[in-house]
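Some notes on the structure that comes next.
Letters A, B, ... are given to chains in the order of the sequence lines, protein chains preceding strands, and every chain is numbered from 1.
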Number of protein chains: 2
Amino acid sequence: MPPVKDAPFTKGGSLSVKKSKALRAAPGANLQTSPPSLLSPFQLESVSLFIHVFGALSLPRSIGEIYGLLFSTQEPLSLDDVQTRLQLSRGSASEGLRWLRSLGAVNQVYLPGIRKEHFTAETSLRKLASGYLRDRIDPHLENGPSRLSILESSIDPTSPAAHFEKSRVGQIAGWYKFFAKALPLVKALAGKF
Amino acid sequence: MPPVKDAPFTKGGSLSVKKSKALRAAPGANLQTSPPSLLSPFQLESVSLFIHVFGALSLPRSIGEIYGLLFSTQEPLSLDDVQTRLQLSRGSASEGLRWLRSLGAVNQVYLPGIRKEHFTAETSLRKLASGYLRDRIDPHLENGPSRLSILESSIDPTSPAAHFEKSRVGQIAGWYKFFAKALPLVKALAGKF
DNA sequence: TAAAATGTTCAAAAAATATTGAACATTTTT
DNA sequence: AAAAATGTTCAATATTTTTTGAACATTTTA
């Protein structure tokens with residue numbers, strides 16, 4: 001049998017760990033070189049932690065940074081605040097914030113007398129989970145039945161493989177049932193945290 | 001308030017839908033131009049479906065292709081079979097198969113008298129789920145506690161923000177508890193399907 | 001033991017995805 | 001109504017991830 005070295009393999013769970021420029025080195029290291037740091041140690045740690053968490057879901061780094069900053073900051077922050085403190089581009093900050101808002105992970109706060117929109121992190125697990133499931137998982141399940149029937153109709157009943165293929169279709173149908181049961185269960189449990 | 005057109009936005013749930021070369025057009029369209037088709041309609045549909053499913057988990061297309069082919073084929077297939085029928089490079093087929101094997105999504109089958117290794121798709125939801133959770137989710141939860149204590153120790157107790165920051169740490173601790181409860185529950189439920 | 005068969009690895013190329021920044025649109029203020 | 005403030009969009013660029021293919025390693029066969 002050929003060699004099986006102990007896997008240098010990038011896909012060690014796919015999506016090889018993203019490393020890049022700033023905020024990468026030591027978890028609590030300073031941000032850039034120019035400003036000593038626009039973030040407190042707690043904020044820095046928080047940003048680093050959420051980059052990691054969101055990364056586990058294959059979400060872009062900027063999303064994690066933004067959520068991490070809002071999570072670790074008591075006062076609502078504006079787009080400019082986010083952009084400045086994180087040293088992001090305007091576009092990234094705008095789109096990232098919009099994405100988080102659409103998911104329900106970030107709340108808009110209206111501050112009387114202030115025109116700029118301000119944002120805070122949503123921390124209710126129920127809301128976070130249901131937003132994520134709604135936007136990123138449910139859509140795939142919705143067109144499941146239609147995909148399944150397409151698959152089923154691709155079977156040639158006269159072929160010797162037909163029996164096997166039908167059993168596979170049944171298999172997938174079972175999987176969908178599992179999800180139909182598991183998702184509400186998880187959502188309900190999330191409500192208790 | 002500035003314009004809010006209805007989101008052309010790439011990140012419409014992040015990871016914009018991957019399109020690329022072959023097997024992309026119509027779900028059941030022919031694979032390439034050269035060979036009329038190395039796959040049956042059922043196999044073609046299956047591959048297309050699993051590219052989609054694995055894509056939802058941000059896994060590379062080749063992984064979905066390989067699993068889809070094995071899933072829709074009764075006989076065990078060799079590395080060469082996979083490579084040929086899917087028109088993949090040797091490297092992709094080898095690494096993809098290895099990755100799926102390590103996850104437990106693909107089983108190795110020993111065929112008496114045949115030297116080449118052969119593979120079949122694992123379809124037990126319990127095995128698939130636990131493999132995925134073990135490889136891609138659990139690791140993130142494991143170093144959770146350590147990350148959490150780093151975060152906690154970054155709080156300056158004399159700062160006015162200390163109280164708020166402690167409550168955030170508590171928040172995250174609660175999330176970990178949720179996962180500690182939810183994961184086993186999901187694994188158990190998966191066992192029934 | 002040389003040749004063939006089977007697999008793996010990894011550097012280079014290709015493809016996909018994210019980020020930037022400047023142009024554009026809207027609302028508010030002057 | 002012009003200027004300022006605030007946000008969004010999108011084409012260009014940068015980064016990351018995936019794929020390829022040929023070199024390499026091991027085992028089996030002749």
Rounding to a whole Å, what distance do you find between B/F119:CZ and C/dT6:C1'? 11 Å
Is A/K166 salt-bridged to A/D156, going by a charged N under 4.0 Å from an acidic O? no
Ion pair present between B/R101 and B/D135, side-chain N to carboxylate O less than 4.0 angstrom? no
Nucleotide of D/dT19, C/dT9, C/dT20 approaching B/R98 most closely (side-chain heavy atoms): C/dT9
Please report, rounded to the nearest Å, how far the P atom of D/dT17 is from the CZ atom of A/R61. 11 Å
Rounded to whole Å, how long is the line connecting atom NZ of B/K116 with atom P of C/dG7? 7 Å
A/L88 CG to D/dG7 P, in whole Å, measures 15 Å
Spacing between B/W99 atom CH2 and D/dT19 atom C1', to the nearest angstrom: 17 Å
In whole angstroms, the gap separating P of D/dA5 from CG of A/D80 amounts to 11 Å
So, OP1 or OP2 of C/dG7: does either fall under 4.0 Å of a side-chain N or O from B/S94? no
How long is the line joining CZ of B/R90 and C1' of D/dT18, in whole Å? 19 Å
Strictly by modelled atom types, are A/E165 and B/S72 linked by a side-chain donor-acceptor pair under 3.5 Å? no
Side chain of A/L79 - closest among C/dT6, D/dT8, C/dT19: D/dT8
Evaluate the ring planes of B/F71 and A/W175, with Trp represented by its six-membered ring, and classify them as parallel (under 30°), tilted (30 to 60°) or perpendicular (over 60°). tilted
Want to settle it: does A/R115 or A/R101 sit nearer the 5' end of DNA chain D, counting the closest nucleotide to each? A/R115
Can you see if the side chain of B/S89 gets near the phosphate of D/dT20 - specifically, an N or O under 4.0 Å from OP1 or OP2? yes
Is the distance from OP1 or OP2 of C/dT20 to the nearest side-chain N or O of A/S92 less than 4.0 Å? yes
What is the distance, rounded to the nearest whole Å, between atom CD of A/E95 and atom P of D/dT8? 10 Å
Salt bridge A/K116-A/D81, side-chain N to carboxylate O under 4.0 Å: no
